[in-house]
Novice: 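Below is one structure. I have some questions about it.
Residue numbers start from 1 in every chain, and the chains themselves are labelled A, B, ... in the order their sequence lines are given, proteins ahead of strands.
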Amino acid sequence: MSTDPYRVLLAEILLQRTPAERVAEFYPSFLKEYPTVTHLASANVKELRKLLTPLGLQKRAQWLIELATRMVKEYGGHVPDRQDELTKLPGVGSYTANAILCFGFRRDVSIVDVNVARVLRRVFGLQGRRPPSRDEALLKLASDLVPRGSGPEYNEALLDFAALVCGPEPRCGECPLSRLCNFYKERVVEVI
DNA sequence: TTCCCGAAAG
DNA sequence: CTTTCCGGAA
């Protein structure tokens, strides 16, 4: 796992509303073109946009350049390591900021995307259908669950679990959590 | 058609 | 609060 905050930032911006598998396909070429914050800050908008074409959301080209430019000017060419500073940057919301803090700086913060939210709601029997970023109860729960010292490993596992096992169509038959999952219990009752 | 490791703008 | 950004695979 890459722990260079810049690489994490770049990856997380590319992953927004974009399948991880397709990002993985193009990420190496991005990193080769723009290996550091400084390279990205002086990037050509049109070239960057061309690289982004197969991934969609081309606003990200403008975001990335402004982002890098401001990191050079305001943070000495480094990625800031505070949530409030990160979310001031274009294209960086609460989710992306937490992902950078976790995977780039090894902070034990929670990372709650729509998939993780689905898992937590199922397991703990929560109702919410609001966006995860505004569901305070869910965020509190998610935060309390992060094991001290293992934030990155825990979050990566949870993300993968949400994608591979507890997806939109849950695979309860091969799920190790079914015994303690509220959703599974309700489901069994439903079948009977 | 929906969905993808969201954020900004309206 | 809702819409828009965005292409491509399933």
Novice: One pair to check against side-chain contact (heavy atoms from CB on, under 4.5 Å): A/Thr3 and A/Val8. What are the steps and the verdict?
Specialist: CA-CA 7 Å; A/Thr3 53; A/Val8 176; 6.0 Å; no
Novice: So what does A/Val23 hit on the nucleic acid, given a heavy-atom distance under 4.0 Å: a base, only sugar-phosphate, or nothing?
Specialist: nothing
Novice: Please identify the 5'-most and 3'-most nucleotides of DNA chain C with any atom under 4.0 angstrom from a heavy atom of chain A.
Specialist: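 So the outermost contacting nucleotides come out as C/dC1 to C/dG8.
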Novice: Who pairs with A/Ala97 by side-chain contact (heavy atoms from CB on, under 4.5 Å), at least two apart in sequence or on another chain?
Specialist: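 Per chain and number, A/Ala97 pairs via side-chain contact (heavy atoms from CB on, under 4.5 Å) with A/Gln83, A/Leu86, A/Thr87, A/Val92.
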Novice: Return the 5'-most residue of the pair A/Pro19, A/Ala97 with respect to DNA chain B, ranking by each residue's nearest nucleotide.
Specialist: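 Checking each residue's closest nucleotide, the 5'-ward one belongs to A/Pro19.
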Novice: Quantified in whole Å, what is the P atom distance between nucleotide B/dG10 and nucleotide C/dC6?
Specialist: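 Straight-line distance between the two P atoms is 14 Å.
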Novice: Side-chain donor-acceptor pairs under 3.5 Å in residues 105-113 of chain A, sequence neighbours left out?
Specialist:
residue, atom, partner, partner atom, Å
A/Arg106, NH1, A/Glu153, OE2, 3.1
A/Arg106, NH2, A/Gly149, O, 3.0
A/Arg106, NH2, A/Glu153, OE1, 3.2
A/Arg107, NH1, A/Asp81, O, 3.2
A/Arg107, NH2, A/Asp81, O, 3.4
A/Arg107, NH2, A/Asp81, OD2, 3.2
A/Asp108, OD1, A/Gly149, N, 3.4
A/Asp108, OD1, A/Gly151, N, 2.9
A/Asp108, OD2, A/Gly149, N, 2.6
A/Asp113, OD1, A/Asn115, N, 3.2
A/Asp113, OD1, A/Val116, N, 2.8
A/Asp113, OD2, A/Asn115, ND2, 3.4

Novice: According to the side chain to side chain donor-acceptor pair (under 3.5 Å) rule, which pairs have a member within residues 51-64 of chain A, sequence neighbours left out?
Specialist: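 The answer is A/Thr18-A/Arg60.
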Novice: Please list all pairs meeting side chain to side chain donor-acceptor pair (under 3.5 Å) that have one or both residues in residues 92-105 of chain A, counting only residues at least two apart or in different chains.
Specialist: A/Gln16-A/Thr96
Novice: Could you list where the contact with chain A starts and ends along DNA chain B, reading 5' to 3', using a 4.0 Å heavy-atom cut-off?
Specialist: B/dC4 to B/dA8
Novice: A/Glu66: what forms a salt bridge (charged side-chain N to carboxylate O under 4.0 Å, His left out) with it, not counting sequence neighbours?
Specialist: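 Residues passing salt bridge (charged side-chain N to carboxylate O under 4.0 Å, His left out) with A/Glu66: A/Arg70.
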Novice: Which dot-bracket string describes DNA chain C (Watson-Crick N1-N3 plus N6-O4 or O6-N4, or G-U N1-O2 and O6-N3, all under 3.5 Å; [ ] crossing; | other strand)?
Specialist: |||||.||||
Novice: Considering residues at least two apart in sequence or located in another chain, which fulfil the side-chain contact (heavy atoms from CB on, under 4.5 Å) criterion with A/Lys140?
Specialist: A/Asp144
Novice: For A/Glu85, which residues count as a side-chain hydrogen bond (donor to acceptor under 3.5 Å, both in side chains) partner, sequence neighbours excluded?
Specialist: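 In terms of side-chain hydrogen bond (donor to acceptor under 3.5 Å, both in side chains), with neighbours along the sequence ignored, A/Glu85 is linked to A/Tyr75.
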Novice: Which pairs pass side chain to side chain donor-acceptor pair (under 3.5 Å) with one or both residues in residues 36-52 of chain A, sequence neighbours excluded?
Specialist: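 Pairs touching residues 36-52 of chain A that pass the test: A/Thr36-A/His39.
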Novice: With A/Pro147, which residues qualify under side-chain contact (heavy atoms from CB on, under 4.5 Å), at least two apart?
Specialist: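 Only A/Ser150, A/Tyr154 meet the side-chain contact (heavy atoms from CB on, under 4.5 Å) criterion with A/Pro147.
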Novice: For B/dC4 versus C/dC1, give the span between their C1' atoms, rounded off to a whole number of Å.
Specialist: 24 Å
Novice: Indicate, with a heavy-atom threshold strictly under 4.0 Å, whether A/Arg134 touches base, sugar-phosphate, or nothing.
Specialist: base
Novice: Heavy atoms only, 4.0 Å cut-off, all strands: where does A/Ser133 land among base, sugar-phosphate and nothing?
Specialist: nothing
Novice: C1' atom, C/dT3 versus B/dC5: distance in rounded Å?
Specialist: 22 Å
Novice: Classify A/Arg60 by what it touches in the nucleic acid, base, sugar-phosphate, or nothing, heavy-atom distance under 4.0 Å.
Specialist: nothing
Novice: For nucleotides C/dG8 and B/dA7, find the distance between their P atoms and express it as a whole number of Å.
Specialist: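 The same atom, P, in both gives a distance of 23 Å.
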Novice: Just by modelled atom types, is the A/Arg7 backbone N or O under 3.5 Å from a matching donor or acceptor in the A/Tyr27 side chain?
Specialist: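 Present.
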Novice: Using heavy atoms to find the nearest nucleotide of DNA chain B for A/Lys59 and A/Ala20 separately, return the residue whose nucleotide is more 5′.
Specialist: A/Ala20
Novice: Under 4.0 angstrom, heavy atoms only, what part of the nucleic acid is A/Leu89 near: base, sugar-phosphate, or nothing?
Specialist: sugar-phosphate
